[in-house]
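Report on one structure; see the data block that follows.
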Amino acid sequence: MESIYNKNMDERLVKAKLDNGLNIYIFPKKDYVKQYAMLSVDFGSNDIDFIDVKNGRRRNMPLGIAHFLEHQLFEDKEESIFDKFADLGASANAYTNFDSTNYLFSSSSNFEDSLINLIEFVEDPYFSDENVKKEKGIIVQEIKMYQDNPYWKSYFNLLSALYSKHPVKNEIAGTEESVMSITPEDLYICYYNFYLPSNMDLILIGDLDPQRIINLIRENQAKKHFPHFKNPVRIIEEEPENVAKKLVEEKMNISRPMVQIAFKDPVQSEEPAQIIKKEYIVNLLLDIVFGNSSKNYNELYDQGIIDNSFSCSYHKKPDYAYVHLHGESNKPDQMREKVKEKLVDIDHDEIKENFQRIKRKYQGSFIRLFNNFNNLASEFINYRRLGIDIFELATIIEDIKLEELLAYSDKIFNKDFMVESIILNED
């Protein structure tokens with residue numbers, strides 16, 4: 001067990017790695033009533049093409065299988081997993097994103113029993129023809145619901161315009177066709193390639209005794225046998241530098257048009273700290289240029305071109321990155337033109353005037369992160385899998401220079417790498 005205390009944050013992180021490879025991270029929070037746990041598996045919707053660790057065969061799995069597997073693990077032979085948590089006074093949930101699948105609960109009592117319940121159901125798969133068939137119907141209905149959501153529809157239209165080969169272009173839940181093709185065998189193959197303790201991280205937050213909790217988990221894991229883990233070799237085809245499409249338009253029965261704009265940022269080989277620093281730099285830049293307090297935002301808001309649905313962010317991973325701006329507007333054509341116009345001709349004086357203020361805002365957000373257990377767990381795992389300790393973020397933010405924002409402002413919004421996704425009313 002290793003304990004790290006950050007004096008500036010007055011926060012402590014306790015780390016432990018079990019013999020089977022399970023990583024445990026505990027943020028002790030003295031006198032907090034709420035307790036939180038997240039078991040994160042390094043397996044997401046992007047991981048559909050890989051080399052099977054058992055036989056060396058290349059596997060190309062149906063789209064949406066990580067999300068399907070998440071749903072399926074909640075199916076128990078005897079009783080509802082959710083009911084088990086509810087009986088303990090805990091609230092459970094799970095979600096799948098592009099890079100991971102995460103199982104979680106929060107509670108104010110019976111934490112240890114809830115924690116064992118979490119570990120047990122994730123480590124005890126049960127996939128049968130009957131329950132897989134039942135789950136297909138549920139997930140197909142979920143997919144149809146997403147297809148009726150103009151933001152979701154427009155967002156994945158945007159990603160499929162940005163990327164021609166990278167799996168991030170695919171919807172996390174898959175398609176009706178891909179879901180209907182999933183078999184119990186497919187689920188077991190993915191489970192035994194990715195769902196092993198050495199490919200998982202357990203994050204615990206609350207008024208906890210770290211040594212007691214670690215001993216509890218160690219005792220539980222010692223009763224089980226897991227095969228020796230080899231990292232599955234994920235296969236991602238090389239992504240062309242250019243975008244796949246410049247524009248995707250679609251019509252739906254909506255009250256107001258939806259506009260989404262993105263700029264593909266071709267990736268380069270970078271160290272983890274560089275990846276994270278660039279993500280912060282570009283998000284700082286976007287906040288200055290188009291955040292709620294910016295001159296551009298308020299000018300377009302006053303003209304009725306954008307409203308409070310407008311948002312912008314930069315998403316960066318080791319193998320893909322893009323700037324994303326979106327919002328609803330009764331004047332979609334004006335919104336598209338004005339946003340592009342503002343980004344191509346950025347006012348450097350505005351960056352200089354607002355740099356320190358927005359930087360302090362991000363420093364404050366980092367401090368507040370430690371009081372939001374859900375966000376802390378998800379952010380922690382994102383950075384840990386890049387090899388960065390979450391306490392290092394304070395230094396990364398502090399080291400950002402004005403000159404770096406000015407440099408990126410002249411190259412990140414390249415029209416050659418811009419795509420647009422528009423949803424208009426059917427009328």
Q) How close do M335 and I306 get, heavy atom to heavy atom, and via which atoms? A) CG-CG2, 4.0 Å

Q: Kindly say whether V53 contributes a backbone atom to a donor-acceptor pair with the side chain of N193 at under 3.5 angstrom?
A: yes

Q. Below 4.5 Å, heavy atoms only, C-beta onward: do E392 and Y383 meet side chain to side chain?
A. no

Q: Kindly assign one of parallel, tilted or perpendicular to the pair F74 and Y103, based on the angle between their ring planes and the thresholds 30° and 60°.
A: tilted

Q. Parallel under 30°, tilted from 30 to 60°, perpendicular over 60°: which one fits the rings of Y301 and Y297?
A. parallel

Q. If you draw a 6.0 Å radius around CD in E426, do more than 12 non-hydrogen atoms from other residues or ligands fall strictly inside?
A. yes

Q: Establish, from distance only, whether the side-chain atoms of Y314 and D265 form a donor-acceptor pair under 3.5 Å.
A: yes

Q) Stepwise, does the side chain to side chain contact (heavy atoms under 4.5 Å, CB included) test hold for L406 with D410? A) CA-CA 7 Å; L406 294 172; D410 293 331; 5.7 Å; no

**Q.** Passing option when Q260 is tested against E420, H324, R336 for side-chain hydrogen bond (donor to acceptor under 3.5 Å, both in side chains)
**A.** H324

(Q) Within this structure, what is the CG-CD1 distance for the pair L69 and I182, rounded to the nearest 0.5 Å? (A) 9.0 Å

Q. With no hydrogens and no angle check, is any side-chain donor or acceptor of D52 less than 3.5 Å from a backbone partner on R57?
A. no

Q: Mark yes or no for whether T101, through its side chain, and V41, through its backbone, hold a donor-acceptor pair below 3.5 Å.
A: no

Q) Donor-acceptor pair, K153 side chain versus D148 backbone, under 3.5 Å? A) no

Q.
Between S108 and V33 (side chain of the first, backbone of the second, donor and acceptor by atom type, cut-off under 3.5 Å), is there such a pair?
A. no

Q. Is L13 close to N6 at the side-chain level, that is, under 4.5 Å between some pair of heavy atoms?
A. no

Q.
Could you report the tightest heavy-atom contact between R234 and F194, atom names first, then the distance?
A. NH2-CE2, 3.6 Å

Q | Taking every non-hydrogen atom, the tightest pair across I214 and A16 | A | CD1-CB, 3.7 Å

Q: Hey, could you give me the CG/OH distance between L208 and Y32, rounded to the nearest 0.5 Å?
A: 13.0 Å

Q: Answer yes if the ring centres of Y155 and H326 are under 6.0 angstrom apart, and no otherwise.
A: no

(Q) To the nearest 0.5 Å, what is the distance between CD1 on I381 and CG on D201? (A) 3.5 Å

(Q) Evaluate I412 against F417 for side chain to side chain contact (heavy atoms under 4.5 Å, CB included), listing each step before the verdict. (A) CA-CA 9 Å; I412 195 76; F417 299 134; over 6 Å; no

Q: Check P28 against V14 and note the closest heavy-atom contact, atom names and distance.
A: CG-CG2, 4.2 Å

Q | Polar contact flag, side-chain donor to acceptor under 3.5 angstrom, S309-E328 | A | no

Q: State the CD-CD distance between Q35 and E112, to the nearest 0.5 angstrom.
A: 9.0 Å

Q: Compare all side-chain heavy atoms of D129 with those of P184 and state whether any distance is below 4.5 angstrom.
A: yes

Q.
Using a 3.5 Å distance criterion without hydrogens, assess whether the side chain of K29 forms a donor-acceptor pair with backbone atoms of F370.
A. yes

Q. Which pair of non-hydrogen atoms, one from S294 and one from I288, has the smallest distance, and what is that distance?
A. CB-O, 3.2 Å

Q) Any chance NZ of K134 has more than 12 other-residue heavy atoms, nucleotides or ligands included, within less than 6.0 Å? A) no

Q: Check for a donor-acceptor pair, side chain of K264 on one end and backbone N or O of L162 on the other, with a separation under 3.5 Å.
A: yes

Q.
If I take atom CD1 from residue I400 and atom NZ from residue K359, how far apart are they, to the nearest 0.5 angstrom?
A. 6.5 Å

Q | Closest non-hydrogen atom pair between P332 and V259, with its separation | A | CB-CG2, 3.8 Å

Q | F156 and Y146 aromatic centres sub-6.0 Å | A | no

Q) Looking at CD1 of I116 and CZ of F111, how far apart are the two atoms once the value is rounded to the nearest 0.5 Å? A) 9.5 Å

Q) Pairs in or reaching into residues 164-189: which pass salt bridge (charged side-chain N to carboxylate O under 4.0 Å, His left out), with residues at least two apart or in two chains? A) K165-E237

Q: Could you tell me whether D389 and K15 make a salt bridge, using a distance below 4.0 angstrom between a side-chain N and a carboxylate O?
A: yes

Q | E120 side chain to N220 side chain, donor-acceptor N/O pair below 3.5 angstrom | A | yes

Q | Y362 side-chain N/O to N283 backbone N/O, donor-acceptor pair under 3.5 Å | A | yes

Q. Is the NZ atom of K133 crowded by more than 12 outside heavy atoms at less than 6.0 Å?
A. no

Q. Given the rule in the salt bridge (charged side-chain N to carboxylate O under 4.0 Å, His left out) test, do D399 and K277 qualify, once you have shown the distances and angles that lead to the verdict?
A. CA-CA 9 Å; D399 287 345; K277 187 175 184 181; 5.8 Å; no

Q: Please confirm whether the backbone N or O of S164 pairs with a side-chain atom of E239, one donor and one acceptor, at under 3.5 Å?
A: yes

Q) How about L285 and I351: do any of their side-chain heavy atoms sit closer than 4.5 Å? A) yes

**Q.** Minimum side-chain heavy-atom gap L104-Y95 below 4.5 Å
**A.** yes

Q) So, S106 versus S91: side-chain donor-acceptor pair below 3.5 Å or not? A) no

Q) Any chance the side chains of N97 and S100 put a donor and an acceptor closer than 3.5 Å? A) yes

Q | Step-by-step side chain to side chain contact (heavy atoms under 4.5 Å, CB included) determination, I236 to H166 | A | CA-CA 6 Å; I236 296 181; H166 197 287; 3.7 Å; yes

Q) Under the side chain to side chain contact (heavy atoms under 4.5 Å, CB included) criterion, do F263 and L343 qualify, and how do the steps go? A) CA-CA 11 Å; F263 294 82; L343 291 175; 3.6 Å; yes

Q.
The criterion is side chain to side chain donor-acceptor pair (under 3.5 Å); which residues satisfy it with T175, sequence neighbours excluded?
A. S178

Q. In terms of ring plane angle, is the pair F380 and F27 parallel, tilted or perpendicular, where the classes change at 30° and 60°?
A. perpendicular

Q) Could K54 and Y192 be counted as a cation-pi pair, given that NZ or CZ must be under 6.0 Å from the ring centre and within 45° of the axis? A) yes

